[in-house]
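Everything below concerns the one structure shown next.
Proteins get letters first, then strands, A, B, ... in listed order; numbering begins at 1 in each.
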2 protein chains.
Amino acid sequence: MEIAINTEGQSPLFAQLVEQIKQRVLDKSLAPGAALPSIRQLANDLQLNNKTVAKAYQLLERDQIIQTKGYRGTFVHPDAIANCTIDLAAWVFAQLAETIETLRGAGTTDSEIRIAFADAMHNRQAKEN
Amino acid sequence: MEIAINTEGQSPLFAQLVEQIKQRVLDKSLAPGAALPSIRQLANDLQLNNKTVAKAYQLLERDQIIQTKGYRGTFVHPDAIANCTIDLAAWVFAQLAETIETLRGAGTTDSEIRIAFADAMHNRQAKEN
DNA sequence: TATTGTACCCACACTACGAATGGTACATAT
DNA sequence: ATATGTACCATTCGTAGTGTGGGTACAATA
């Protein structure tokens with residue numbers, strides 16, 4: 001695992017990690033089924049916090065690029081290569097853009113949309129008055 | 001128009017103005033069809049900026065509580081009383097909550113949802129990588 | 001000419017929210 | 001005893017959005 005983390009860089013550490021691992025999967029230096037270093041191991045190698053590495057691993061697992069098998073360690077997902085090209089962000093964007101367009105069409109202020117959005121993210125009802 | 005604006009208050013000036021006008025409509029001291037002071041007039045009376053009053057008027061007009069007739073001035077909307085009870089915010093909340101639930105159901109991170117939301121509000125495409 | 005509402009430009013300070021990271025502890029399974 | 005992934009709490013920091021102001025200008029109408 002030769003991974004270069006740029007602490008001075010602009011993008012967050014966990015994101016850099018995600019990107020680099022994706023890259024290694026795409027250029028075949030990480031084959032499907034291959035074992036990845038443990039969270040603590042990698043954190044130690046790269047001088048990162050465990051949580052930072054853990055966060056990267058969680059995102060990668062959600063996108064089906066890696067697979068964690070509990071105490072047995074973490075492995076590259078069988079369909080990792082294909083799943084590297086799926087763009088979840090684009091779909092999320094489309095969904096939200098559509099809803100926002102509807103709301104704006106109803107004359108809602110951007111400010112009101114943002115407030116309601118924040119409330120909805122917090123699972124709290126919109127308050128009256 | 002006896003309106004009391006609390007500059008020290010916590011809620012924004014334009015919001016106070018909106019609420020007080022709604023209140024006067026509900027308690028019948030502002031009857032449908034009645035004329036409201038002009039923006040500049042009211043701004044001067046209350047020692048507010050024109051833009052602040054204009055903002056309040058715009059919100060009230062969108063909610064069909066007042067009606068601006070161009071150069072002729074602004075009047076209380078015929079259906080003002082009924083429209084005071086309509087809660088646009090609740091509808092906006094419901095729309096967004098539904099979309100968010102869909103996204104979360106797909107495993108999307110709250111952080112990713114927020115980023116996509118910000119992008120969508122700015123009408124800018126979600127960027128790759 | 002004076003008035004109406006409206007629409008731009010710009011700016012400035014404040015606040016609050018989330019992002020990112022760190023530290024510690026846990027259940028599980030060998 | 002040791003290793004795995006994971007969850008919870010705390011803290012710092014940056015930034016985006018908000019509210020408000022100032023100014024100027026416009027078309028429409030009396």
Side-chain angles (χ1 to χ4, degrees), chain A residues 5-18 35-44 46-62 66-75 77 100 107 109-124, chain B residues 5-19 35-44 46-62 66-75 77 100 108-122 124:
Chain A
I5 294 297
N6 178 14
T7 315
E8 316 302 329
Q10 56 296 348
S11 57
L13 304 181
F14 80 92
Q16 293 185 40
L17 200 43
V18 167
L36 277 76
S38 79
I39 289 178
R40 289 172 179 78
Q41 178 77 53
L42 190 53
N44 193 48
L46 302 176
Q47 296 293 327
L48 296 177
N49 189 286
N50 291 344
K51 294 215 41 157
T52 304
V53 179
K55 187 173 186 177
Y57 273 31
Q58 280 177 346
L59 288 174
L60 288 167
E61 186 179 29
R62 183 204 55 184
I66 67 176
Q67 237 175 353
T68 98
K69 303 197 174 181
Y71 60 94
R72 254 169 285 182
T74 306
F75 303 89
H77 190 96
I100 289 173
T109 294
D110 279 11
S111 182
E112 292 169 323
I113 295 178
R114 288 204 183 86
I115 293 173
F117 174 78
D119 288 342
M121 288 297 286
H122 288 290
N123 299 315
R124 62 171 112 102
Chain B
I5 295 296
N6 178 14
T7 314
E8 315 303 328
Q10 56 295 350
S11 57
L13 305 180
F14 81 92
Q16 293 185 41
L17 199 44
V18 167
E19 283 313 308
L36 277 77
S38 79
I39 289 179
R40 290 171 178 80
Q41 177 78 52
L42 191 53
N44 193 47
L46 303 177
Q47 295 293 327
L48 296 178
N49 189 290
N50 290 344
K51 296 206 48 154
T52 304
V53 180
K55 189 173 186 177
Y57 273 31
Q58 279 176 347
L59 287 174
L60 288 167
E61 188 181 27
R62 183 203 54 185
I66 67 177
Q67 236 175 353
T68 96
K69 303 196 173 180
Y71 62 94
R72 256 169 283 182
T74 306
F75 304 88
H77 190 95
I100 290 172
T108 314
T109 295
D110 278 12
S111 180
E112 292 169 323
I113 295 178
R114 289 203 183 87
I115 293 174
F117 174 78
D119 287 343
M121 289 296 287
H122 288 291
R124 63 171 112 102

Counting heavy atoms from C-beta on, name the nucleotide in [options] closest to the side chain of [X].
{"X": "A:Tyr57", "options": "C:dG18, D:dG5, C:dT21", "answer": "D:dG5"}
{"X": "B:His122", "options": "D:dG19, D:dG17, D:dT6", "answer": "D:dG17"}
{"X": "A:Thr74", "options": "D:dG5, C:dG5, C:dG18", "answer": "D:dG5"}
{"X": "B:Pro12", "options": "D:dG19, D:dG21, C:dG5", "answer": "D:dG19"}
{"X": "A:Gln58", "options": "D:dT6, D:dG17, D:dG19", "answer": "D:dT6"}
{"X": "B:Thr68", "options": "D:dG5, C:dA19, C:dG5", "answer": "C:dG5"}

Could you tell me the separation between the [atom1] atom of [X] and the [atom2] atom of [N], rounded to a whole number of Å?
{"X": "B:Glu112", "N": "C:dG18", "atom1": "CD", "atom2": "C1'", "result": "14 Å"}
{"X": "A:Lys69", "N": "D:dT6", "atom1": "NZ", "atom2": "P", "result": "14 Å"}
{"X": "A:Phe117", "N": "C:dG18", "atom1": "CZ", "atom2": "C1'", "result": "11 Å"}
{"X": "A:Phe14", "N": "C:dG22", "atom1": "CZ", "atom2": "C1'", "result": "15 Å"}
{"X": "A:Leu59", "N": "C:dA19", "atom1": "CG", "atom2": "P", "result": "12 Å"}
{"X": "B:Arg114", "N": "C:dA20", "atom1": "CZ", "atom2": "P", "result": "11 Å"}
{"X": "B:Leu42", "N": "C:dT6", "atom1": "CG", "atom2": "P", "result": "14 Å"}
{"X": "B:Leu60", "N": "C:dT6", "atom1": "CG", "atom2": "P", "result": "11 Å"}

Has [X] got a side-chain N or O lying under 4.0 Å from the OP1 or OP2 atom of [N]?
{"X": "A:Ser38", "N": "D:dT4", "value": "yes"}
{"X": "A:Asn49", "N": "C:dA20", "value": "no"}
{"X": "B:Thr52", "N": "D:dT20", "value": "no"}
{"X": "A:Lys55", "N": "C:dA20", "value": "yes"}

Practice item. Find which nucleotide of DNA chain C each of A:Gln47 and B:Ile39 is nearest to by heavy atoms, and output the residue with the more 5' nucleotide. Key: B:Ile39

Point to revise | B:Gln41 vs B:Ser111, nearer the 5' end of DNA chain C by closest nucleotide | key: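 The residue whose closest nucleotide sits nearer the 5' end is B:Gln41.
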
Please give me the minimum heavy-atom distance between [X] and [Y], naming the atom from each residue.
{"X": "B:His122", "Y": "B:Ala118", "answer": "CD2-O, 2.9 Å"}
{"X": "A:Met121", "Y": "B:Ile113", "answer": "SD-CG2, 4.0 Å"}
{"X": "A:Leu48", "Y": "A:Leu13", "answer": "CD2-CD1, 3.7 Å"}

Evaluate the side-chain proximity of [Y] to [X]: yes if any heavy-atom separation is below 4.5 Å, no if none is.
{"X": "B:Leu46", "Y": "B:Gln16", "result": "no"}
{"X": "A:Phe117", "Y": "B:Arg114", "result": "yes"}
{"X": "A:Gln58", "Y": "B:Thr109", "result": "no"}

**Study point:** Qualifying residue for side-chain contact (heavy atoms from CB on, under 4.5 Å) with A:Tyr57, from A:Thr68, A:Thr52, A:Leu36, A:Val18
**Key:**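 The option that passes is A:Leu36.
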
Exercise for review: Measure the spacing between CG of A:Leu60 and CZ of A:Phe14 and express it to the nearest 0.5 Å.
Suggested key: 10.5 Å

What are the atom names and distances for every N/O pair under 3.5 Å that joins the protein to nucleotides 24-30 of chain C?
from	atom 1	to	atom 2	distance (Å)
C:dA29	O3'	A:Tyr71	OH	2.8
C:dT30	OP1	A:Tyr71	OH	2.5

Check your understanding: Counting any heavy atom closer than 4.0 Å, what does A:Glu61 reach on the DNA or RNA strands: base, sugar-phosphate only, or nothing?
Key ->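 Contact class for A:Glu61: sugar-phosphate only.
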
